[in-house]
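Reckoned from all heavy atoms, side chains included, excluding hydrogens, waters and symmetry mates. Order of listing sets the numbers, starting from 1, for every ligand and every atom in it.
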Amino acid sequence: MDKVRAGIYGATGYTGYELATILSRHPQVKMMFATTKTYAGKSLRDIFPAAPDLPLTSPEEVDRGSVDIVFLCLPHAASAATAVTALEAGVKVIDLSADFRFENVAVYEEWYKVKHPAPYLLEEAVYGLTEFARDDLPGARLVANPGCYTTTILLALAPLMMAQAEIAGDIIVDAKSGVSGAGRTPKTNTLFVEVADNFSPYAVGRSHRHLPEMEQVIGWWHDQPPKLIFSPHLLPVPRGILANIYVNSSDTWSESDVRALYTSAYAGEQFVDVLPAGELATLAHVVHTNKCVMSLTFTGKTLIITSALDNLIKGAAGQAVQNMNVVIGLPEETGLF
Ligand SMILES: NC(=O)c1ccc[n+]([C@@H]2O[C@H](COP(=O)([O-])OP(=O)(O)OC[C@H]3O[C@@H](n4cnc5c(N)ncnc54)[C@H](OP(=O)(O)O)[C@@H]3O)[C@@H](O)[C@H]2O)c1
């Protein structure tokens, strides 16, 4: 098989940098271009000292026909506009932004406060939560990579939701993310002095943009989808997400049944681990890996699922490469270990 020719739009951001690192080691990929609006003419290594020595080009100067696939590591709206031109050039697209994650354009426009540049593409886009998208990914032209919190929480809830588990009340998600989740563009609330020695909630309740994305997918899975209460926090570490998810039942959970459900759902999965009883998932299980690791704790009517992943890898660039591998027919783990 010839190598796949790949380009990255937005290579100088945190997800773009991770993607450039993974793709430059991928045995079946040839990197063709990496774009920036700010640093054209430099090498990615001038910005990240441990990065591959990739020349950076402005998006206007790339030869769109020189690639088979592009990864969009851009802010929302900029991504969709770039996707349109790539698809018109016959290039497959894996988009890491939120632009193609929603089936209903009104939901996207309400939560992202922009007019969608290409709503006609929403129906075609494959929602790339890889473990649950393998039937739809092969040959896809356009893949919407899920959000980082969303991946953490959906992988944790999928077995229960797909089994139509009876849930009492809302599911409460208490989640923490490292600061890279906010991207590399400087903002006051992610300055070292604001973050170090601090721990702060944000968008608590039902106001974070990943909430409608999570509820959309839960609605695909469960006939009577429960609502989520979602409280994200900024953790003073560079990377990693950990969520404690509280799921109530009207009856006492059967630990053996739920454990069996989870171990069978993820048996044979290379990138999702369910820890044995007595062990708890931590960031140390997952940072710098493409794994989501989860643990189950039973306290009568409340099941606590602890789920962790690296927001830049399994929550972004790693999952994007997993998706690319399935799209083009490579073994899913290629380039990811
Ligand atoms: N960070 C995460 O954990 C994470 C996880 C999952 C998904 N995502 C999503 O992935 C996308 C990238 O996130 P990130 O954290 O990597 O962002 P980031 O660190 O802020 O990087 C953004 C990149 O986009 C480029 N860019 C900014 N504005 C642009 C514009 N108007 N047109 C073209 N290029 C532009 C920047 O280029 P220059 O600065 O070089 O000019 C930079 O390369 C976002 O949509 C984000 O929501 C992020």
- Under the ring-ring contact (aromatic ring centres under 6.0 Å, His included) test, residues paired with Tyr127 that sit two or more places apart: Trp220
- Message: Between the side chains of Asp170 and Lys227, is the shortest nitrogen-to-carboxylate-oxygen separation below 4.0 Å, so that they form an ion pair?
- Response: no
- By ring-ring contact (aromatic ring centres under 6.0 Å, His included), Phe192 pairs with (sequence neighbours left out) none
- Query: According to the interplanar angle, ranging from 0 to 90°, do the rings of Tyr149 and Tyr202 count as parallel (below 30°), tilted (30 to 60°) or perpendicular (above 60°)?
  - Reply: tilted
For residues 76-83, which side-chain N or O atoms pair as donor and acceptor with protein atoms under 3.5 Å away, sequence neighbours left out?
unit_1 : atom_1 : unit_2 : atom_2 : d
Ser79  : OG     : Asp95  : OD1    : 2.7
Ser79  : OG     : Ser97  : OG     : 3.4
Thr82  : OG1    : Ala78  : O      : 2.8

- Query: Do the ring planes of His208 and His210 sit parallel (below 30°), tilted (30 to 60°) or perpendicular (above 60°)?
  - Reply: perpendicular
Tabulate distances under 3.5 Å between N/O atoms of ligand 1 and N/O atoms of the protein, writing both atom names on each line.
unit_1   : atom_1 : unit_2 : atom_2 : d
ligand 1 : 1 (N)  : Ser180 : O      : 3.0
ligand 1 : 3 (O)  : Asn311 : ND2    : 2.8
ligand 1 : 16 (O) : Tyr14  : N      : 3.3
ligand 1 : 16 (O) : Thr15  : N      : 2.9
ligand 1 : 16 (O) : Thr15  : OG1    : 2.8
ligand 1 : 19 (O) : Tyr14  : N      : 3.0
ligand 1 : 19 (O) : Arg184 : N      : 2.8
ligand 1 : 20 (O) : Arg184 : N      : 3.3
ligand 1 : 20 (O) : Thr185 : OG1    : 3.2
ligand 1 : 37 (O) : Thr12  : OG1    : 3.4
ligand 1 : 40 (O) : Thr12  : OG1    : 2.3
ligand 1 : 40 (O) : Thr36  : OG1    : 2.5
ligand 1 : 41 (O) : Lys37  : N      : 3.0
ligand 1 : 41 (O) : Thr38  : N      : 2.9
ligand 1 : 41 (O) : Thr38  : OG1    : 2.5
ligand 1 : 43 (O) : Gly10  : O      : 3.3
ligand 1 : 43 (O) : Thr12  : N      : 3.4
ligand 1 : 43 (O) : Thr12  : OG1    : 2.6
ligand 1 : 43 (O) : Gly13  : N      : 3.2
ligand 1 : 45 (O) : Leu74  : O      : 2.7

